[in-house]
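Heads up, the thing below is written out as structure tokens.
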Amino acid sequence: MQKLSREFYEQSTLEVAKELIGKVMVFDSFEGVITETEAYIGKDDPACHAARGKTKRNEVMFARAGTSYVYLIYGMYHCLNFVTEEEGFPAAVLIRGVYIPQIDYKRTNGPGKLCKIMDITKQQNGVDIVESNDFYVLDKGIKLDYDTTTRIGISQGKELPWRFVVDKQKISKIPG
DNA sequence: ACCCCGATCGTA
DNA sequence: ACGATCGGGGTT
């Protein structure tokens, strides 16, 4: 059982997004197995928040890999990302689902839902999850098969197969 | 100052 | 299929 290193997050965003599937996200007293991710990669990705440059909201996307990026969407929900690749290159992986054994999966199978359950808010924006002792990701050796699809809820960049999701059927068989 | 839109979710 | 709800980003 090992906390993911800086080098893990510095890999290509697609690699990080795929490898995060089955990793265990820890925040406060919660531990959730990551079941769904999406990659948002640089200024050439029209769906990336940083596609039109740095703003106050997205500035943490330009920070070093292993930094959390939390933003408010639709005025109601928070979404959690982990920044990837080299510092100054705006890219991140959106966490879209986690499996928490004690909690009905229906309550953690969406990016807004999992933040609500785990009480992740903009307070957690810009946290270094490599250095933090209460917000980090562990490798517990869980291997899960996943499907690759296009991303959800975006209006541009719809064709890119940058979403990775564990089959619904297999969720209940996750150890833990 | 104003306007438009959004990496969502629950209900219908 | 649709509305809730409000911060942020672009424009005047």
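Proteins get letters first, then strands, A, B, ... in listed order; numbering begins at 1 in each.
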Assign each of A:Met76 and A:Lys56 to its nearest nucleotide of DNA chain C by heavy atoms, then name whichever residue's nucleotide is nearer the 5' end. A:Met76

Can you find a side chain N or O atom of A:Ser155 that sits less than 4.0 Å from OP1 or OP2 on B:dG6? yes

C:dG8, OP1 or OP2 - any side-chain N/O from A:Thr55 closer than 4.0 Å? no

Taking the cut-offs as 6.0 angstrom to the six-membered ring centre and 45 degrees off its axis, would you call A:Arg64 and A:Tyr9 a cation-pi pair? no

Integer-rounded Å distance: [N] [atom2] and [X] [atom1]:
| X | N | atom1 | atom2 | value |
| --- | --- | --- | --- | --- |
| A:Tyr74 | B:dG10 | OH | C1' | 14 Å |
| A:Ile154 | B:dC5 | CD1 | P | 17 Å |
| A:Met61 | C:dG8 | CE | P | 16 Å |
| A:Ile152 | B:dG6 | CD1 | P | 16 Å |
| A:His78 | B:dT8 | NE2 | C1' | 12 Å |
| A:Leu72 | C:dG7 | CG | P | 7 Å |
| A:Ile73 | B:dC5 | CD1 | C1' | 9 Å |
| A:Arg52 | B:dA7 | CZ | C1' | 13 Å |

Which residues in residues 102-120 of chain A have at least one heavy atom lying under 4.0 Å from any atom of DNA chain B? A:Gly110, A:Pro111, A:Gly112, A:Lys113

B:dC5 -> Watson-Crick or G-U wobble partner, both distances under 3.5 Å, gives C:dG7

According to a cutoff of under 5.5 Å between the ring centres and under 30° between the ring planes, does A:Tyr40 stack with the base of B:dA7? yes

May A:Tyr77 be described as stacking on the base of B:dT8, applying a 5.5 Å centroid limit and a 30° limit on plane angle? no

Over 12 foreign heavy atoms within 6.0 Å of CD, A:Glu159: yes

A:Asp134 and A:Ser132: side-chain donor and acceptor closer than 3.5 Å? yes

Will you find, in the side chains of A:Ser68 and A:Gln124, an N or O donor that is under 3.5 Å from an N or O acceptor? no

Ring centroids only, cut at 6.0 angstrom: are A:Tyr71 and A:His49 within range, meaning strictly under it? yes

Which heavy atom of A:Leu20 sits nearest a heavy atom of A:Phe82, and at what distance? CD1-CD1, 4.1 Å

What is the minimum heavy-atom distance between A:Thr37 and A:Ile95, and which atoms define it? CG2-CD1, 4.2 Å

Could you tell me whether A:Arg57 contacts a base, only the sugar-phosphate backbone, or nothing, with contacts defined as non-hydrogen atoms closer than 4.0 Å? sugar-phosphate

Assign A:Leu94 to base, sugar-phosphate, or nothing according to its heavy-atom contacts below 4.0 angstrom with the strands shown. base

Of all the choices, C:dG10, B:dA7, C:dG7, which nucleotide is nearest to the side chain of A:Lys122 once you look at every atom? C:dG7

